[in-house]
Amino acid sequence: MALSSEAENIENTAQSIMNAFKEMNVQEGEVLNYQDLYPYLQERYPKYKDVQQEAEQHLAKLAYVNPAPDGLMLTQVGYKSLSEAK
């Protein structure tokens with residue numbers, strides 16, 4: 001059971017990260033800085049800290065984000081996904 005809840009936590013964190021891109025109006029190729037992302041996650045999904053790295057890797061595997069030195073860059077695929085999810 002712990003495994004499924006961790007997977008769910010990763011999925012929820014990944015979704016929260018994508019929501020942050022959308023709410024902060026990050027465009028394709030732009031970076032969402034961790035200093036902006038962390039307070040957003042803390043407020044909306046405090047459990048993110050346990051699985052943040054896994055959630056980022058999950059989004060990178062989907063090609064939605066690329067790691068950047070100080071945050072996450074929204075890719076064309078990620079931007080398209082947000083645009084279609086309206």
OG1 (Thr13) and CE (Met18) are apart, to the nearest 0.5 Å, by 13.5 Å

One should read off an interatomic distance between Asn66 CG and Glu56 CD, to the nearest 0.5 angstrom, of 11.5 Å

Looking only at heavy atoms, the pair that brings Val77 and Leu62 closest together is CG1-O, 3.9 Å

request  = Taking the side chain as every heavy atom from C-beta outward, state whether Asn12 and Tyr48 have any atom pair closer than 4.5 Å.
outcome  = no

Distance col, row Glu6:CD vs Glu11:CD, nearest 0.5 angstrom, shows 13.0 Å

Exercise for review: Would you indicate whether the side-chain heavy atoms of Val31 and Asp70 approach each other to under 4.5 Å?
Suggested key: yes

- Query: Does the side chain of Tyr38 pick up a donor-acceptor pair with the side chain of Gln52 at under 3.5 Å?
  - Reply: yes

(message) Assess whether a salt bridge exists between Glu23 and Arg44, defined as any Lys/Arg side-chain N lying under 4.0 Å from an Asp/Glu carboxylate O.
(response) yes

The residue among Asn9, Ile10, Leu59 that forms side chain to side chain contact (heavy atoms under 4.5 Å, CB included) with Glu54 is Ile10

Tightest non-hydrogen contact, residues Leu72 and Pro67, listed as CD2-CA, 4.3 Å

Indicate yes or no: at least one non-hydrogen side-chain atom of Phe21 is less than 4.5 angstrom from one of Glu30.
no

Separation between NZ (Lys22) and OH (Tyr79), nearest 0.5 Å, reads 10.0 Å

**OP:** Determine, using the 4.5 Å side-chain heavy-atom cutoff (strictly less than), whether Leu41 and Met73 are members of one ILVMFWY cluster.
**Re:** no

When every non-hydrogen atom of Ala14 is compared with those of Ala55, the smallest separation belongs to N-CB, 3.7 Å

* Using a 4.5 Å cut-off on heavy atoms from C-beta on, say whether the side chain of Ser81 contacts that of Tyr64. => yes

To the nearest 0.5 Å, atom CG of Leu74 lies from atom CG of Leu32 at 9.0 Å

Heavy-atom side-chain contact between Lys49 and Gln42 under 4.5 Å | yes

Ser16 and Tyr40 have their tightest heavy-atom pair at O-CE2, 3.3 Å

